[in-house]
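Ligands are counted one by one from 1 in listed order, and the atoms in each one are counted from 1 as well. Reckoned from all heavy atoms, side chains included, excluding hydrogens, waters and symmetry mates.
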Amino acid sequence: MRLGAIEAGGTKMVCGIGDETGRIEERASFPTTTPEETVAAMLGFFRGKAIEALGIGSFGPVELNRNSPAYGSITTTPKLAWANFNLLQAMQRELGVPVGFDTDVNAAALGEATFGAAAGLDSCVYMTIGTGIGAGVVAEGKLLHGLLHPEMGHILVKRHPEDRYEGKCPYHADCLEGMAAGPAIEARWGRKGAELADDARVWEMEAYYLAQAVVNLVLILSPKKIILGGGVMHQRHMFPLVRQITLDMLKGYVQRDEITGGIDSYIVPPGLGDKAGLVGSLLLAKGAAL
Ligand code: ADP
Ligand code: ZN
């Protein structure tokens, strides 16, 4: 089945053509400027490619309620040109194919649960730590939605005892995203994360916040695998730190061998690398086509 996919991000839109096996045969990326310009560029890419369906994993918040007239819109984004823009309808109207739509992180979670680090499992969480923090959830074999959709980047965290940084979230200041996303690292330490690789204090503090998120995920959702992706997790040396602090904070309360025995394969990087979102969006397309 020939499928189209869009990983819709606040900086760029990654578009791909592929199939339901997750194979991507062509990919292109367009800067996220105005909806008019960006949509025109994406339509240019997909036209004439004979796709049977399209899947979109989008930055948000997004409207996922199929009964709402706004289904398929980006809602209250700080990127004002995109606020209330209906990306699903704009693409569907012009391409005339079924369109599957979900959050970017749910798409990535679906990709990972199907072909990636959580393949064969009926539950996992995919959390991205990049410009923002967000998480997608597969629970009992299905993507989790709910009232809006999970917004786990904004959960509340305990402050590291040595952290004097006020926090970067425009809504909550010192929520998880405000303390631990890439821009928070840069604001706290005065340099980009990639340039701080050798400073142990940076990553110990970062891991302290991420481990709190992991602990809460374990306790609330009981996922069978937790996948940590996004630019900040390119600091691979953080994985052992996050795992250790998670164990310290859980204090043996959750007695499952996956955690107490084999946490190295419980908290892991994405199996699909940076393709998780696009592969997941192909699967959203497949779901829409059926
Ligand atoms: P986005 O979240 O915008 O989709 P990324 O996942 O690449 O994009 O995240 C970008 C953020 O990750 C930036 O804040 C950047 O500073 C940070 N980042 C990128 N690479 C690294 C790295 N190697 N080490 C630490 N931080 C990084
Ligand atoms: Zn917040």
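- Salt bridge absent: R201 and E162 never bring a charged side-chain N and a carboxylate O closer than 4.0 Å.
- Distance screen at 4.0 Å: atom 22 (C) of ligand 1 has a protein heavy-atom neighbour inside the cut-off.
- Annotation: atom 20 (N) of ligand 1 to nearest protein heavy atom, G231 O, 3.5 Å.
- For atom 6 (O) of ligand 1, the protein comes within 4.0 Å by at least one heavy atom.
- Contact check on D19 versus R2 returns no salt bridge, with no Lys/Arg side-chain nitrogen under 4.0 Å from an Asp/Glu carboxylate oxygen.
- Between R47 and E94 there is a salt bridge, with a side-chain nitrogen of the basic residue lying less than 4.0 Å from a carboxylate oxygen of the acidic one.
- One distance of note links CZ of F46 with CD of E26; it measures 9.5 Å at 0.5 Å rounding.
- Contact detail for L196 and W203: the closest heavy-atom pair is O-NE1, 2.9 Å.
- Summarising the contacts of atom 9 (O) of ligand 1 with G130, A197, G193, G9, the nearest heavy atom is found in G130.
- Checked for salt-bridge contact, E258 and K225 miss the test: no charged N lies under 4.0 Å from a carboxylate O.
- Heavy-atom contacts of G230 reach the following atoms of ligand 1: 6 (O) (cutoff under 4.0 Å).
- Those atoms of ligand 1 that come under 4.0 Å of a heavy atom in P183, given as number and element, are 14 (O).
- With hydrogens left out, the protein atom closest to atom 26 (N) of ligand 1 is V232 CA, 3.6 Å, a heavy atom.
- The shortest N or O to N or O distance between T131 and ligand 1 is below 3.5 Å.
- The Zn ion (ligand 2) sits nearest to atom ND1 when only the N, O or S atoms of H172 are considered.
- Here the Zn ion (ligand 2) is the vertex; the SG atom in C175 and the SG atom in C169 give an angle of 110° (to 10°).
- For Q235, a nitrogen or oxygen atom sits less than 3.5 Å from a nitrogen or oxygen atom of ligand 1, counting backbone and side chain alike.
- For the residue pair N216/Q212, the side-chain donor-acceptor check at 3.5 Å is not satisfied.
- For ligand 1, the atoms lying closer than 4.0 Å to a non-hydrogen atom of G182 are 14 (O).
- Two residues are said to be in side-chain contact when any heavy atoms from C-beta on lie closer than 4.5 Å; T260 and Q255 meet this criterion.
- As for H154, its N/O/S atom nearest the Zn ion (ligand 2) is the one called ND1.
- A salt bridge does not link E186 with R188: none of the charged nitrogens is closer than 4.0 Å to a carboxylate oxygen.
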